Amino acid sequence: MTVRTRFAPSPTGYLHIGGVRTALFNWLLAKQAGGQFILRIDDTDADRNVAEALQPILDGFRWLGIDWDEGPEVGGPCGPYFQSQRGEFYRSAAEELLASGAAYWDYSRPDEIQAERAAAEAEGKPYVPSRRWMAETEAERARFEGEGRQAVVRLKMPREGTCAFDDLVRGQMEFEWEKEADHVIQRADGSCLYHLANVVDDQAFGITHVVRAVEHLANTPRQIFIAQSLGYPLPTYAHLPFVAEPGSKNKLSKRKLDKYLKHPDFKSLHEHGEKVMQGLGRQPESATFNPVIVDFYREVGYLPEAILNYLLLLGWSLDDHTEDFDRAAMIEAFSLERVVKAPASFDPAKLMSFQHRYEMRLDLETRYQGCRKFLIAAGWMSDDAAADIEARARAVVEAAGDRIRVAGDVLEYSPFFLLDRSLEYEPKAFKKRVLSDAQATERLAIFRDAVPSLEDPSVAGWEAFLQSLLEREGWSIGQVIHALRVAVTGSAVGFGMYESLAILGPEVVARRIDETIAEATRQQAATS
RNA sequence: GGCCCCAUCGUCUAGCGGUUAGGACACCGGCCUUUCACGCCGGCGACACGGGUUCGAAUCCCGUUGGGGUCACCA
């Protein structure tokens with residue numbers, strides 16, 4: 001039998017990182033079995049559907065490389081893949097359920113059901129519907145309707161025995177039927193609800209493995225009841241633990257950003273992203289610029305492979321040492337049997353570590369192309385930039401090396417791109433390396449005066465130039481290099497000094513030293 | 001509250017009766033070094049608790065505690 005799995009997002013506008021993991025596991029399962037992964041859109045609740053809310057989800061999956069064999073935009077033999085377009089199937093299933101006695105017309109009003117429920121809860125007893133407003137004959141229906149009541153369709157759940165099924169992650173599960181309430185499957189307006197739609201579609205799409213988050217575990221008995229009443233074969237179930245908040249076991253929610261920002265690692269991941277946005281000169285989209293949502297990572301320049309690898313290991317492991325999985329390795333190695341039962345909390349620091357590792361594995365040209373997009377988006381270079389501009393940008397990426405953990409980090413190096421703009425000095429660095437060192441400006445001036453004599457503007461040339469200057473003046477390298485770095489980049493930290501000088505070129509170097517000396521003079525005058 | 005689930009370092013995990021309880025991330029030291037970063041070396045650090053079963057429990061059973069999920073005319 002061909003393995004067919006599915007992921008069924010609601011069009012909420014955002015792709016949740018936990019949802020991605022669920023989708024990934026489904027995708028992996030289908031791929032490794034040579035089966036199909038299907039995307040179905042669960043939009044049975046018309047009230048909750050936001051216009052344009054599907055695109056970000058589809059874009060997110062595409063970006064991650066989680067492709068679907070059937071679903072929106074690609075179609076397939078079982079379409080339509082939108083539940084909102086499949087109402088007729090659900091209604092006929094509801095009719096069948098009604099006809100066989102597995103469901104009934106219920107004329108209760110919401111407040112009446114609520115009262116029953118509240119009474120049961122007050123007594124500490126499980127809620128068992130009284131079925132007082134159940135109508136099973138036309139006469140009964142007419143009587144209730146005469147009272148001006150409207151009907152929903154409810155499942156007539158068994159009141160004895162148990163529902164047992166095997167869960168590939170959790171093992172043998174057993175629920176007592178009598179603890180199950182009579183769930184509504186069709187609204188008063190005739191539209192159908194999730195549980196019915198879900199079961200009907202899984203059957204219609206030939207889904208063999210239902211792999212979903214554990215919050216659906218409690219829903220399974222009623223879905224099994226529907227499937228069995230309709231004479232469907234049961235799929236294999238597997239309920240995945242949810243992804244928890246950093247440092248806690250609560251389900252990760254996209255609505256609790258403020259809370260998560262109190263977690264140091266989460267905070268620094270978020271701030272890192274904000275810094276990239278700042279470099280782009282863009283105000284982050286407040287609704288989606290959230291590490292819980294996939295868009296965040298795409299905007300900051302993360303690599304999909306890194307995110308997938310991290311997510312794979314969040315609640316799953318192959319053994320005690322294998323950490324690196326590319327797509328092929330994941331597909332090969334994945335198994336539901338090794339999914340951990342306990343929820344796993346999202347660890348921002350570890351995600352970053354994977355990202356960094358994957359970024360470092362890229363060859364220079366690939367890394368450069370990733371960074372280039374950000375340089376263009378920031379307006380620091382144009383798509384058709386001159387060869388020397390491209391060369392300089394490439395040199396920055398190469399010199400920055402492992403300091404660029406995420407493509408967007410290239411925007412940290414504005415002093416190498418915005419050559420005409422005057423530097424903003426880091427106050428502390430300027431003070432420590434320029435102001436508080438009595439001879440710093442003196443040495444800078446000597447260095448600057450020597451610049452016109454530079455013969456070779458290459459990295460090696462600058463090194464030779466500085467070395468001979470050190471020899472001539474009797475300085476140690478530490479006596480000049482720190483102030484020099486601040487003078488030409490504005491910062492006390494950065495990549496190699498000679499690379500920095502070579503990228504900037506003698507003219508910019510000389511000008512910036514002049515400006516630094518002037519700034520130091522100005523500040524000294526202001527304080528004395 | 002009813003029902004259900006879960007429980008190994010701070011975090012992700014390995015472990016499926018006998019291990020000095022292993023690895024990764026983070027953290028802390030040191031080395032390297034023109035700064036930062038990388039890298040390398042080292043360190044800190046866990047079986048929630050109580051009963052059983054057993055010659056022997058992180059591993060099996062029961063209970064306690066703790067944490068979580070779910071109880072819609074949402075999905």
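Here the structure is a predicted model, which means the values were calculated and not measured. Convention: sequence-line order gives letters A, B, ...; per-chain numbering from 1. No hydrogens, no waters, no symmetry mates; every other heavy atom, side chains included, goes into these values.
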### Task
Record whether the side chain of A:Lys350 comes under 3.5 Å of the base of B:A24 through a donor-acceptor pair of N or O atoms.
yes

### Query
If every non-hydrogen atom of A:Ile404 is compared with every non-hydrogen atom of A:Met360, which pair is closest and at what distance?
O-CE, 3.4 Å

### Message
Could you identify the nucleotide paired to B:C32, looking across every strand shown and requiring Watson-Crick or G-U wobble geometry with both distances under 3.5 Å?
### Response
none

### Query
Just checking A:His195: base, sugar-phosphate only, or nothing, at a heavy-atom cut-off of under 4.0 Å?
base

### Message
Regarding A:Val340, tell me which of base, sugar-phosphate or nothing describes its non-hydrogen contacts under 4.0 Å with the strands shown.
### Response
sugar-phosphate

### Query
Base, sugar-phosphate, or nothing for A:Asn219, non-hydrogen atoms under 4.0 angstrom?
base

### Ring center gap for A:Phe416 and A:Phe495 short of 6.0 angstrom
yes

### Task
Quote, to the nearest angstrom, the P distance that separates B:G10 from B:A72.
38 Å

### Query
What is the base-pairing partner of B:A14, counting Watson-Crick and G-U wobble geometry with both distances under 3.5 Å?
none

#### Entry: Position toward the 5' end of RNA chain B (nearest nucleotide), A:Ser345 or A:Met497
A:Ser345

### Query
With respect to A:Phe7, which candidate in A:Trp68, A:Tyr81, A:Phe205, A:Phe61 satisfies the ring-ring contact (aromatic ring centres under 6.0 Å, His included) definition?
A:Phe61

### Query
In whole Å, what separates the C1' atom of B:G2 from that of B:C61?
26 Å

### Message
Using atom C1' in both nucleotides, what's the gap between B:C44 and B:C27 to the nearest angstrom?
### Response
8 Å

### Task
State which of B:C25, B:C74, B:U35 makes the closest approach to the side chain of A:Arg485.
B:U35

### Task
Looking at every strand, decide which applies to A:Arg338 at a 4.0 Å heavy-atom threshold: base, sugar-phosphate, or nothing.
sugar-phosphate

### Task
Under 4.0 Å between any heavy atoms, over every strand shown, what does A:His216 touch: base, sugar-phosphate, or nothing? Just pick one.
base

### Query
Out of B:G22, B:U34, B:U11, which has the shortest distance to the side chain of A:Asp320?
B:G22

### Task
Among the candidates B:C6, B:A37, B:G23, find the nucleotide nearest to the side-chain atoms of A:Arg403.
B:A37

### Query
Closest to the A:Leu314 side chain: B:C25, B:C12, B:G68?
B:C12

### Task
Assign A:Gly478 to base, sugar-phosphate, or nothing according to its heavy-atom contacts below 4.0 angstrom with the strands shown.
nothing

### Message
Please classify the nucleic acid contact of A:Arg405 as base, sugar-phosphate, or nothing, using heavy-atom distances under 4.0 Å.
### Response
nothing

### Message
At 4.0 Å (heavy atoms only), tell me whether A:Arg117 reaches a base, stays on the sugar-phosphate, or touches nothing.
### Response
sugar-phosphate

### Query
Can the ring centres of A:Tyr498 and A:Phe465 be said to be less than 6.0 Å apart?
no

### Query
Taking the side chain of A:Phe242 as heavy atoms from C-beta outward, which of B:C3, B:C38, B:G68 is closest to it?
B:G68

#### Entry: Proximal nucleotide (of B:A14, B:C36, B:C73) relative to the A:Ser317 side chain
B:A14

### Query
Between A:Trp316 and A:Phe325, does the ring centre distance come in under 6.0 Å?
yes

### Query
Contact class for A:Ala492 vs. all strands (heavy atom < 4.0 Å): base, sugar-phosphate, or nothing?
base

### Task
May I ask you to say what A:Tyr310 touches in the nucleic acid, namely base, sugar-phosphate or nothing, with a heavy-atom cut-off under 4.0 Å?
nothing

### Query
If you look at every strand shown and take non-hydrogen atoms under 4.0 Å, does A:Met352 touch a base, only sugar-phosphate, or nothing?
nothing

### Query
For A:Gly401, which contact category applies under a 4.0 Å heavy-atom criterion: base, sugar-phosphate, or nothing?
nothing

## Note on the structure
Which of B:A75, B:A24, B:C6 is nearest the side chain of A:Gln83? It is B:A75

### Message
Checking base pairs now: Watson-Crick or wobble, both atom distances under 3.5 Å. What partners B:G50?
### Response
B:C62

### Message
So A:Asn250, base contact, sugar-phosphate only, or nothing? Heavy-atom distance under 4.0 Å.
### Response
sugar-phosphate

### Query
A:Val152 near the nucleic acid: base, sugar-phosphate alone, or nothing, with a heavy-atom cut-off under 4.0 Å?
base

### Summary
Taking B:C3, B:U70, B:C12 as options, the one with an atom nearest any side-chain atom of A:Ala218 is B:U70

### Query
Atom CD1 in A:Ile185, atom CD1 in A:Ile226: separation rounded to 0.5 Å?
6.0 Å

### Message
My understanding is that a pair needs two contacts under 3.5 Å, Watson-Crick or G-U wobble. By that rule, which nucleotide pairs with B:G2?
### Response
B:U70

